[in-house]
Number of protein chains: 2
Amino acid sequence: MSRTKKRSGGVTMDHVAREAGVSLMTVSRVMNNVPGVKASTREAVMRAVKELGYSPNAAARSLARNGAGRIGLLYSNPSAGYLSQFLVGALDGAQTSGALLVIEKCDISPDSESAAIGRLIAGGVAGVILPAPHAESDRAIAALREAGVVAIAVGTGHARSDAHAVRMDDFAAAAEMTRHLVELGHRRIGFIKGAVNQTASVERLLGFETEIRRADPPAEPLVEPGDFTYRSGFEAAERLLTLEHPPTAIFASNDDMAAGALAAAHRRGLDVPGDLSVTGFDDTPLATAVWPELTTIRQPVARMAEAALRLVLQESRDPSRRDLRALIDQLLPHQLIVRASTGRVSDNS
Amino acid sequence: MSRTKKRSGGVTMDHVAREAGVSLMTVSRVMNNVPGVKASTREAVMRAVKELGYSPNAAARSLARNGAGRIGLLYSNPSAGYLSQFLVGALDGAQTSGALLVIEKCDISPDSESAAIGRLIAGGVAGVILPAPHAESDRAIAALREAGVVAIAVGTGHARSDAHAVRMDDFAAAAEMTRHLVELGHRRIGFIKGAVNQTASVERLLGFETEIRRADPPAEPLVEPGDFTYRSGFEAAERLLTLEHPPTAIFASNDDMAAGALAAAHRRGLDVPGDLSVTGFDDTPLATAVWPELTTIRQPVARMAEAALRLVLQESRDPSRRDLRALIDQLLPHQLIVRASTGRVSDNS
DNA sequence: AGCTTTTTTAATAGCGCTAACATCAATTTG
DNA sequence: CAAATTGATGTTAGCGCTATTAAAAAAGCT
């Protein structure tokens, strides 16, 4: 008696149905774009929806669909830019497609990963999106497969034989970046590798080496290890810059390491790009938060997340194809972003 | 007939109840820590839960609770570090407390904000968390109030009279940072302001000025405008460093602007911290991704998000207090993080 | 013992939505 | 012209969980 309305602002399908003068089911059909509704009816429903400001209740939908449309996302790497963009993309996609994201955190240890995967499976998700580091985990993917859950690897270096993949062409992008440097006249080029357990790192290195071999006049590659952290980039650059014949350009496998290289150069009093060109990879927010702003490769992270979401949804909808395993490998376009950190090689090197 | 189990991995309360030999409702009570369950029963249920790897279905729970436990989060500012940390904190909290996060994006325009708020309300959330820029929006908070939805402002400069607040003490933190610089011997200190429409910016400036006035021997403040972007920090620093008597330290109101100041200093060939100390604010990942790493204030973003979540949940549970409006203002502790970007003032300045 | 008061447990009715089937008119066909 | 075929909509039965009410068991009182 105290509260007149059960819930403020709770517009349900029932209201819409009444307003449009149709049955509940028709509204559901319209909301899900199911064919077999007369155009005029559909329009009337749409009008009612707009009128009442109705928006479907994701929880109820997920429940009714019995888990289809509920999809998991495993993350571990709160590495600023990447995760943030990825989450935003995924959330966006979830909103649009009416999916329910179940986001599960874990750290890098295999145990923690397994536990998280277990929780996801027990939670009854239809599919799981595995970004960056987890996309390489055979164990995780095997567990998912066994449970009959669709797995999507995002950001791996190449397609997988046991899961769908959404990724970019790391090889081509690295080659493109290398060509950019070669065209600027650089012939002694340092390369800072990424974490070795990620296939994307390998592809980037391969792209670099392949393109270097093509250079005419020939170019000399100077490869240093790294692990995608700022510190490792700093240290690798220090090693490169203290060589007897230091490189005139450094190609770091990601923006964090490029920022480290930048710092190392500045510390030695080198001007970028006057004395040394530096390039990154990924185009995280960091790329434009350092000086000079980094020439880098734009990885369409948000779009990848969205694509992954769509893919899970689509694949989990019809279980028929599940075993035929027409594995999908979706490649998204990247882009070379030339900013202020690269320039023509100077004469006095 | 083809699929033996309705859904792979779908462990429901029913299973747990059967396993533990109790009724469904008892399991629910145990899961929600409702008192009135015999200890031995509770224990048996817990064992069954663990045994079966049961985890409650957030969607179903949200539905059954009729929206209580469904809480909204409005974001707009994909500014890398902050959002990422905030989301992680909120998602974490949601997981623990069994809430269902409804995340809604909008851009900075008032129209877009109103629309997003409208969707949230129509979605029947019990409360809405408003981080950084939206926390200042009177319009948004008014709309929420009117709909009877609990609003929590996060990261404002001071408590609000119309919404609960979760925040840090920007004034005290800025004063603390200023004291740090003064103690290092700096007497000409530049300050780069944050966006003027955020009260936190004002508090930080006030904290700075108050502490400056306390300095003995007296110190001279040099205040420049900024808007929390890297570029504005760069430009403000350029202005400061081209003064006839440039400052020996620059206190930027956030890390992005500090990174800009760092770049400006490097460009002029200044050594940090040898010739110039630079400090940031927030301790975003950027703080450790520049060289030298920034002395800054650690803002417990993730914890703030979690606290906000808890607060919404708690407040929305009993609507009785809703009108008494015992507004809560929860202050979370910050921390001065001293890194390599600040040092004792040099003699030859 | 017989009764009321406290615990503790069980049963029932939805929350908002969708899948699957049922219905009913408007066609088409033998 | 009755029967079979469409196309558009309506009905019914849950999805997994929680609130609420009813019931049973345990404990306290005269």
Side-chain angles (χ1 to χ4, degrees), chain A residues 3 5-7 9-18 20-45 49 52 54-70 98-100 102 122-126 317-319, chain B residues 3 5-7 9-18 20-42 44-45 49 52 54-70 98-100 102 122-126 317-318:
Chain A
R3 37 177 182 161
K5 39 189 172 179
K6 317 172 75 168
R7 195 154 54 65
V11 182
T12 79
M13 259 178 139
D14 220 11
H15 302 161
V16 177
R18 213 158 311 163
V22 298
S23 87
L24 206 121
M25 202 51 222
T26 305
V27 179
S28 170
R29 289 214 182 79
V30 172
M31 292 314 290
N32 292 291
N33 283 317
V34 175
V37 179
K38 221 186 339 183
S40 63
T41 312
R42 164 158 287 157
E43 206 170 308
V45 172
V49 166
L52 298 167
Y54 168 75
S55 99
N57 180 325
R61 183 179 272 186
S62 158
L63 192 56
R65 280 190 188 150
N66 195 15
R70 194 178 319 153
L100 187 73
V102 180
V125 296
R317 246 191 245 287
D318 66 327
Chain B
R3 36 177 184 163
K5 40 190 172 178
K6 315 172 79 168
R7 196 154 55 64
V11 181
T12 80
M13 260 178 141
D14 219 10
H15 302 162
V16 177
R18 212 159 312 161
V22 298
S23 89
L24 206 128
M25 202 51 225
T26 305
V27 179
S28 170
R29 287 218 183 72
V30 173
M31 293 311 291
N32 293 290
N33 284 316
V34 174
V37 179
K38 221 187 337 185
S40 63
T41 313
R42 163 157 288 159
V45 171
V49 165
L52 297 166
Y54 167 76
S55 100
N57 180 327
R61 181 179 274 188
S62 156
L63 193 56
R65 280 189 186 151
N66 195 16
R70 194 180 318 154
L100 187 74
V102 179
V125 297
R317 250 192 243 285
D318 66 327

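Residue numbers begin at 1 in each chain, while the letters A, B, ... track the order of the sequences.
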**Q** Considering only nitrogen or oxygen atoms on both sides, find all protein atoms under 3.5 Å from nucleotides 10-12 of chain D and state each distance.
**A**
residue : atom : partner : partner atom : Å
dG10(D) : OP2  : S23(A)  : N            : 2.6
dG10(D) : OP2  : S23(A)  : OG           : 2.9
dG10(D) : OP2  : T26(A)  : OG1          : 2.8
dG10(D) : O6   : R29(A)  : NH2          : 2.7

**Q** For the pair made of CG in N57(B) and P in dC15(D), what is the distance, rounded to whole Å?
**A**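 So the two atoms are 12 Å apart, to the nearest Å.
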**Q** What distance do S62(A) atom OG and L63(B) atom CG have between them, rounded to the nearest 0.5 Å?
**A** 9.5 Å
**Q** Minimum heavy-atom separation for T41(B) and V37(B), please, with both atom names.
**A**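 Heavy atoms of T41(B) and V37(B) come nearest at CB-CG1, 3.9 Å.
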**Q** What nucleotide, of dT9(C), dC17(C), dT9(D), holds the atom closest to the side chain of V37(B)?
**A** dT9(C)
**Q** Taking all non-hydrogen atoms of both residues, which atom of L24(A) and which atom of M13(A) are closest, and how far apart?
**A**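 Here L24(A) and M13(A) meet closest at O-CE, 4.0 Å.
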**Q** Just how large is the angle between the end axes of the helix from dA1(C)-dT30(D) to dG30(C)-dC1(D), five pairs per end, to 10 degrees?
**A**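 That helix gives 60° between its end axes.
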**Q** Let me spell it out: for each of A64(A) and R42(A), pick the nucleotide of DNA chain D with the closest heavy atom. Which residue's pick is nearer the 5' end?
**A**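 Closer to the 5' end of DNA chain D: R42(A).
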**Q** Using OP1 and OP2 only, check whether a side-chain N or O of N32(B) sits under 4.0 Å from dT18(D).
**A** yes
**Q** Can you check the L100(A) CG to dG16(C) P distance for me, whole Å?
**A** 17 Å
**Q** Please list every donor-acceptor pair under 3.5 Å in which a side-chain atom of residues 25-33 of chain B meets a protein atom from a residue at least two apart or in another chain.
**A**
residue : atom : partner : partner atom : Å
T26(B)  : OG1  : S23(B)  : OG           : 3.3
N32(B)  : OD1  : R65(B)  : NH2          : 3.0
N32(B)  : ND2  : S28(B)  : O            : 2.9

**Q** At 4.0 Å (heavy atoms only), tell me whether T41(A) reaches a base, stays on the sugar-phosphate, or touches nothing.
**A** sugar-phosphate
**Q** Of all heavy-atom pairs between Y54(A) and V11(A), which one has the smallest distance, and what is that distance?
**A** CD1-O, 3.3 Å
**Q** How far apart are the closest heavy atoms of V45(B) and V22(B), and which atoms are they?
**A** CG2-CG2, 4.0 Å
**Q** Please find the pair of heavy atoms, one from A44(B) and one from A20(B), that lie closest to each other, and give the distance.
**A**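 Heavy atoms only, the tightest pair is O-CB, 4.0 Å.
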**Q** Heavy atoms only: give me the nearest L100(A)-A59(B) pair and the separation to one decimal.
**A** CD2-CB, 4.0 Å
**Q** Could you pick out which residue, L63(B) or K38(B), lies toward the 5' side of DNA chain C when each is mapped onto its nearest nucleotide?
**A**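 Checking each residue's closest nucleotide, the 5'-ward one belongs to K38(B).
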**Q** Tell me the interatomic distance from R70(A), atom CZ, to dC17(C), atom P, rounded to whole angstroms.
**A** 16 Å
**Q** The side chain of M13(B) is closest to which nucleotide in this list: dG16(D), dC15(D), dC17(D)?
**A**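 Of dG16(D), dC15(D), dC17(D), dC17(D) is nearest to the side chain of M13(B).
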**Q** Return no unless some side-chain N or O of S28(B) is found under 4.0 Å from OP1 or OP2 of dT18(D).
**A**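 So the side-chain polar atoms of S28(B) do come within 4.0 Å of the phosphate oxygens OP1 or OP2 of dT18(D), strictly under.
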**Q** Separation of R65(B) atom CZ from dA13(C) atom C1', in whole Å?
**A** 18 Å
**Q** Can you figure out which of dC17(D), dT9(D), dC17(C) approaches the side chain of R61(A) most closely?
**A** dC17(C)
